[in-house]
Amino acid sequence: MRAVVHEGAKGTDGLRIAETTEPVPGPGEVRVRLRAAGLNHRDLFLMDGRSGEEPAFIPGSDGAGVVAAVGDGVAEVRVGDEVVINPTLGWEHSAHTPTMPDILGGPTNGTLAEAVVVPAVNAVLKPAHLSWPEAAALPLAALTAYRALFTRGRLSAGEHLLVPGIGGGVSGWALLLAKAAGARVTVTSRSAEKRARSLCMGADQALCSGGDWADELGQASVDLGRFVWI
């Protein structure tokens, strides 16, 4: 199969398209034939952090495709199922929250390839209304926001979330997830267009990044105002 491989140099200079051996699923695993894959800042950070002397690997955490083969003991999905890949390995249920889950695509081979092998529990049936690019771009940003808000931040209904710098994937998901959980959400941005868009997405208040937040918030306290993946 063809894959995007990183080796020999740090950063994007180490990228090349290569022919590699198609992976074989073991017990409890499935091989997904990718229809679309997503690129994250994490992929760039990993490549920048390599010296170029490490073994080759295939980057990419996000992806969606069709189950092409299943290993022994797999009952969750079948060959032919359209699936979205959950890239957080070892964190399949919200009640089980590891300190720092492993993520597909570094050091394990990832989704920037024609096929990838993942645990069957990480292959989730794709909602029919999502296109392949939409499904492929969804998982890591949404899971990052979820973990930050609810696993680490313990955000609850009725609390007030401040999202600085609205407009990125994680911040957008933070807004949507917090509103779905019943929280009040204030966002900030230098862009009037992004502030207007966030209000359409459900934000309760949108502030200019360069303004006086304390004055504009008035007596409204903030319960959670900085979220990171930790």
Side-chain angles (χ1 to χ4, degrees), residues 1-25 29 31-65 83-91 98-119 122-123 131-149 151-152 163-175 188-191 193-194 209 226-230:
M1 70 172 187
R2 291 179 301 170
V4 176
V5 173
H6 187 271
E7 67 172 334
K10 68 180 303 181
T12 55
D13 290 340
L15 290 175
R16 62 185 177 87
I17 297 177
E19 290 288 337
T20 64
T21 302
E22 189 168 66
V24 177
E29 296 180 330
R31 182 171 69 239
V32 178
R33 178 70 59 177
L34 275 303
R35 295 293 301 273
L39 182 68
N40 291 283
H41 281 294
R42 177 179 184 270
D43 303 311
L44 303 177
F45 296 153
L46 286 174
M47 290 185 286
D48 284 340
R50 285 164 59 91
S51 67
E53 298 179 358
E54 300 89 346
F57 91 110
I58 300 170
S61 300
D62 280 337
V83 296
V84 181
I85 294 172
N86 170 6
T88 52
L89 307 176
W91 186 34
T99 301
M100 180 59 75
D102 292 328
I103 299 176
L104 187 70
T108 59
N109 284 330
T111 58
L112 300 187
E114 291 184 310
V116 65
V117 164
V118 297
N122 287 77
S131 68
W132 287 114
E134 289 171 339
L138 184 154
L140 193 60
L143 288 165
T144 300
Y146 179 92
R147 178 178 169 83
L149 294 183
T151 303
R152 308 296 292 182
V163 182
I166 194 70
V170 175
S171 61
W173 274 112
L175 165 59
T188 76
S189 176
R190 292 183 178 85
S191 166
E193 181 181 355
K194 291 179 180 179
S209 297
R226 181 174 182 267
F227 55 94
V228 292
W229 179 281
I230 56 174

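These numbers were taken from a predicted model, which means no experiment stands behind them.
- Using a 4.0 Å cut-off between charged side-chain N and carboxylate O, K10 and E54 make no salt bridge.
- Using a 4.5 Å heavy-atom cutoff, the side chains of L34 and M1 are not in contact.
- You'll find the side chain of L15 reaches within 4.5 Å of the side chain of V4, heavy atoms only.
- Looking only at distances, no side-chain donor or acceptor of R50 sits under 3.5 Å from a matching main-chain atom of G14.
- Between P59 and F57 there is a side-chain heavy-atom pair separated by less than 4.5 Å.
- Heavy atoms only, all atoms of each residue included: G167 and S171 are closest at N-OG, 3.2 Å.
- Taking all atoms of both residues into account, the shortest heavy-atom contact from I166 to S189 is CG2-CB, 3.7 Å.
- Considering OG1 of T144 and CG of N40, their distance stands at 7.5 Å, rounded to 0.5 Å.
- Side-chain contact between P139 and I85 is absent, with no heavy-atom pair separated by less than 4.5 Å.
- Between L138 and V84, the closest side-chain pair of non-hydrogen atoms is not below 4.5 Å.
- For A141 against G169, the heavy-atom pair with the smallest separation is CB-C, 4.0 Å.
- For the pair P87 and L140, the tightest heavy-atom approach, listed with the atom from each and the gap, is CG-CD1, 3.9 Å.
- A distance-only check finds no donor-acceptor pair linking the side chain of T88 to the backbone of I103 [under 3.5 Å].
- Rounding to the nearest 0.5 angstrom, the gap separating the NE2 atom in H6 from the CG atom in L112 is 11.5 Å.
- Taking every heavy atom of both residues into account, A18 and V5 meet most closely at CB-CG2, 4.0 Å.
- Within the 3.5 Å criterion, the main-chain N or O of F45 finds no donor-acceptor partner in the side chain of D48.
- S61 places no side-chain N or O within donor-acceptor distance of the main-chain N or O of G105, the cut-off being under 3.5 Å.
- Using a 4.0 Å cut-off between charged nitrogen and carboxylate oxygen, E7 and R16 count as a salt-bridge pair.
- Residue I17 places its CD1 atom among 12 or fewer non-hydrogen atoms of other residues, nucleotides or ligands, all under 6.0 Å distant.
- For the salt bridge (Lys or Arg N to Asp or Glu O under 4.0 Å) with E114, the qualifying choice from R2, R31, R35 is R2, the only one to do so.
- To the nearest 0.5 Å, atoms CG (L143) and CG (D62) are separated by 8.5 Å.
- Although no hydrogens or angles enter the test, the distance criterion places no donor-acceptor pair under 3.5 Å between the side chain of T108 and the main chain of L104.
- The minimum heavy-atom distance between T111 and A37, with the atom names listed, is O-CB, 3.5 Å.
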